[in-house]
Peer 1: 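Starting off with a structure, shown below.
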Amino acid sequence: MYQFSIPVPVEFSYDRCIEFLLRSPKEILHSVADGKVYKAILLKDFVALTEVGFSNRQIMVTVLNAGPDFKDHFIIEEYISQWFDLYTDLKPFYAMAQNDKLLSQLVDQFYGYRIVGQPDLFESLAWAVIGQQINLSFAYTLKQRFVESFGYKQVAQDKTFYLFPTPEEVARLNDVDLLPLQFSKQKSKYVVEIAKAFVNQEVSKESIAKLSFEEAKQKLMSIKGVGNWTANYALMKTFRYPNAFPLEDAGVHNAIKNLKRMKTKPTLDQVSRVFKKYKGWEAYATLYLWKSL
DNA sequence: CGCCAGGTTAGAG
DNA sequence: CTCTAACATGGC
């Protein structure tokens, strides 16, 4: 095995991020045991089976199936840094949120909680589409079936590691494959459309990373099935824009309704008005509002 | 049984 | 540009 560590910012709580990783028992792309996370990470010609722990303010990484001469550890370091959003400086966000009625208590209570994301763009978009307009529990059921059916599986050291299906694999699918998993026709079509966009090289993480925020959003929304909510979800979870904002998100609406003790959910216009205060930090405001639910 | 869920699209006004 | 119906199925 091969071990290395990653230092973390002061404003980082490993425990809060683990809480998020534990939010569904049906999660299949990682497992948590004894405070450690187990996840398969795809490199160019190697599936790294990693164990992630935390001590002395450092993320401790063990690549279970690599030798001491392992050369690609920096790729895994980059992946994990993106996964836990270690590059974002949260000081300005906390300074703003401390004085905000809706957020002050939340940022105090969940200090150091970061947007645990998806460094893989296809996974991010496909997962967002899977979660469109259905409850989270059912969304995890669909994801579990999808990954078990079309993803990569490897068992090692008593644990099962899965990789999300690749665009190449998903581009070959259609209704006949996905309807039995209880995807709707619409969801099935969208997921395959997205996969094809990757295979056609119409979109890729690298090419979209070069664009501006607005251009990236438009590019993502040009894919059928990717609307404003999904595009912003990916901009937040994959590209790490702190100003990405899924305006239509039902969770955000419910959080505002609860915190402001409203009788009904706010209109999109009211949500926009609330978020005016969070300009530049919409993604993190969203995260902490979600956490309030 | 009814309402809602981490929405999107196409079409009408 | 904004509003609406249709999509579609489980969770509670």
Side-chain angles (χ1 to χ4, degrees), chain A residues 19-29 85 102 106 110 113-118 121 123-146 164 174-197 203 214 217-239 241 244-259 262-275 278 282-293:
Chain A
E19 257 174 47
F20 174 81
L21 292 174
L22 282 167
R23 79 179 167 155
S24 172
K26 297 175 203 159
E27 176 59 64
I28 190 169
L29 295 178
D85 197 20
L102 258 47
L106 292 168
F110 304 115
Y113 180 35
R114 284 173 183 253
I115 299 171
V116 179
Q118 287 145 337
L121 179 60
E123 180 191 328
S124 181
L125 290 171
W127 166 233
V129 166
I130 286 171
Q132 283 173 1
Q133 187 56 20
I134 59 175
N135 63 66
L136 216 49
S137 175
F138 184 43
Y140 272 106
T141 300
L142 293 182
K143 170 167 144 178
Q144 182 175 29
R145 291 173 183 162
F146 185 62
F164 199 75
N174 61 42
D175 286 3
V176 179
D177 306 295
L178 293 171
L179 296 187
L181 311 191
Q182 287 180 292
F183 278 54
S184 65
K185 283 181 196 160
Q186 181 175 250
K187 246 184 231 314
S188 162
K189 200 171 67 188
Y190 289 168
V191 169
V192 175
E193 279 296 312
I194 292 169
K196 285 179 176 167
V203 298
E214 284 301 328
K217 183 158 71 180
Q218 289 312 314
K219 184 72 190 169
L220 291 171
M221 287 179 65
S222 71
I223 309 170
K224 275 264 188 314
V226 179
N228 184 67
W229 179 86
T230 305
N232 276 282
Y233 182 91
L235 290 168
M236 166 177 174
K237 293 273 193 168
T238 300
F239 294 104
Y241 282 102
F245 177 36
L247 171 66
E248 300 84 353
D249 186 80
V252 169
H253 303 171
N254 282 325
I256 291 174
K257 171 173 168 270
N258 296 341
L259 293 169
M262 299 164 73
K263 286 199 186 103
T264 57
K265 295 202 307 182
T267 63
L268 291 183
D269 202 50
Q270 287 174 304
V271 177
S272 298
R273 251 174 276 160
V274 169
F275 267 73
Y278 311 145
E282 290 88 343
Y284 266 90
T286 296
L287 181 77
Y288 281 87
L289 289 177
W290 279 343
K291 187 69 180 167
S292 76
L293 295 170

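Just so we're on the same page: letters track the sequence lines, and every chain starts at 1. As the structure is a prediction and not an experimental result, all values here were calculated from the model.
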Peer 1: Touch check for A:T286, heavy atoms < 4.0 angstrom, all strands: base, sugar-phosphate only, or nothing?
Peer 2: nothing

Peer 1: Take atom NZ in A:K26; do more than 12 heavy atoms of anything else shown fall under 6.0 Å from it?
Peer 2: yes

Peer 1: Between A:K265 and A:N228, which has a closest nucleotide on DNA chain B that is more 5'?
Peer 2: A:K265

Peer 1: Counting N and O atoms only, with roles assigned by atom type, does the side chain of A:K189 sit under 3.5 Å from a partner on the main chain of A:S184, one being a donor and the other an acceptor?
Peer 2: no

Peer 1: Whole-Å distance between B:dG7 P and A:Y190 OH?
Peer 2: 13 Å

Peer 1: Using side chain to side chain donor-acceptor pair (under 3.5 Å) as the criterion, list what pairs up with A:K237, not counting sequence neighbours.
Peer 2: none

Peer 1: Evaluate A:F183 against A:F146 for ring-ring contact (aromatic ring centres under 6.0 Å, His included), listing each step before the verdict.
Peer 2: CA-CA 9 Å; A:F183 278 54; A:F146 185 62; 5.6 Å; yes

Peer 1: Ignoring backbone atoms, establish whether A:K187 has a side-chain N or O less than 4.0 Å from OP1 or OP2 of B:dG7.
Peer 2: no

Peer 1: Tell me what A:L289 touches on the nucleic acid: a base, only sugar-phosphate, or nothing, going by heavy atoms under 4.0 Å.
Peer 2: nothing

Peer 1: Please measure how far the C1' atom in B:dT9 lies from the corresponding atom in C:dG10, and state the result in whole Å.
Peer 2: 22 Å

Peer 1: Quick one: A:I194 CD1 to B:dT8 P, roughly how many Å, whole number?
Peer 2: 10 Å

Peer 1: Output one line per pair: protein atom, nucleotide atom from nucleotides 7-12 of chain C, and distance, for all N/O pairs under 3.5 Å.
Peer 2:
| unit_1 | atom_1 | unit_2 | atom_2 | d |
| --- | --- | --- | --- | --- |
| C:dC7 | O2 | A:Q186 | NE2 | 3.2 |
| C:dG10 | OP1 | A:Q182 | NE2 | 2.2 |
| C:dG10 | N2 | A:N135 | ND2 | 3.3 |
| C:dG10 | N3 | A:N135 | ND2 | 3.4 |
| C:dG11 | O4' | A:N135 | ND2 | 2.9 |

Peer 1: Can you list the residues that meet the salt bridge (Lys or Arg N to Asp or Glu O under 4.0 Å) rule with A:E27, with sequence neighbours excluded?
Peer 2: A:K143

Peer 1: Can you check the A:I223 CD1 to B:dG7 P distance for me, whole Å?
Peer 2: 18 Å

Peer 1: Rounded off to whole Å, could you give me the CH2-to-P distance for the A:W290 and B:dA5 pair?
Peer 2: 14 Å

Peer 1: Measure up the A:Y113 and A:F20 rings against each other and bin them: parallel (under 30°), tilted (30 to 60°), perpendicular (over 60°).
Peer 2: tilted

Peer 1: Within the structure shown, what part of the strands sits under 4.0 Å from A:V226 by heavy-atom distance: base, sugar-phosphate, or nothing?
Peer 2: sugar-phosphate

Peer 1: Report the distance from atom CG of A:L293 to atom P of B:dC4, rounded to the nearest whole Å.
Peer 2: 16 Å

Peer 1: Between A:D249 and A:G225, which has a closest nucleotide on DNA chain B that is more 5'?
Peer 2: A:D249

Peer 1: For the pair A:Y284 and A:Y288, name the ring-plane relationship: parallel under 30°, tilted 30 to 60°, perpendicular over 60°.
Peer 2: tilted

Peer 1: With sugar-phosphate meaning primed atoms plus P, OP1 and OP2, does A:D269 contact a base, only sugar-phosphate, or nothing at under 4.0 Å between heavy atoms?
Peer 2: nothing

Peer 1: Could you state the atom-to-atom distance from CD of A:E248 to C1' of C:dT2 in whole Å?
Peer 2: 13 Å

Peer 1: Taking CG from A:L220 and C1' from B:dT8, how many angstroms apart are they, rounded to a whole number?
Peer 2: 15 Å

Peer 1: In whole Å, I'd like the distance from the CH2 atom of A:W127 to the C1' atom of B:dG7.
Peer 2: 14 Å

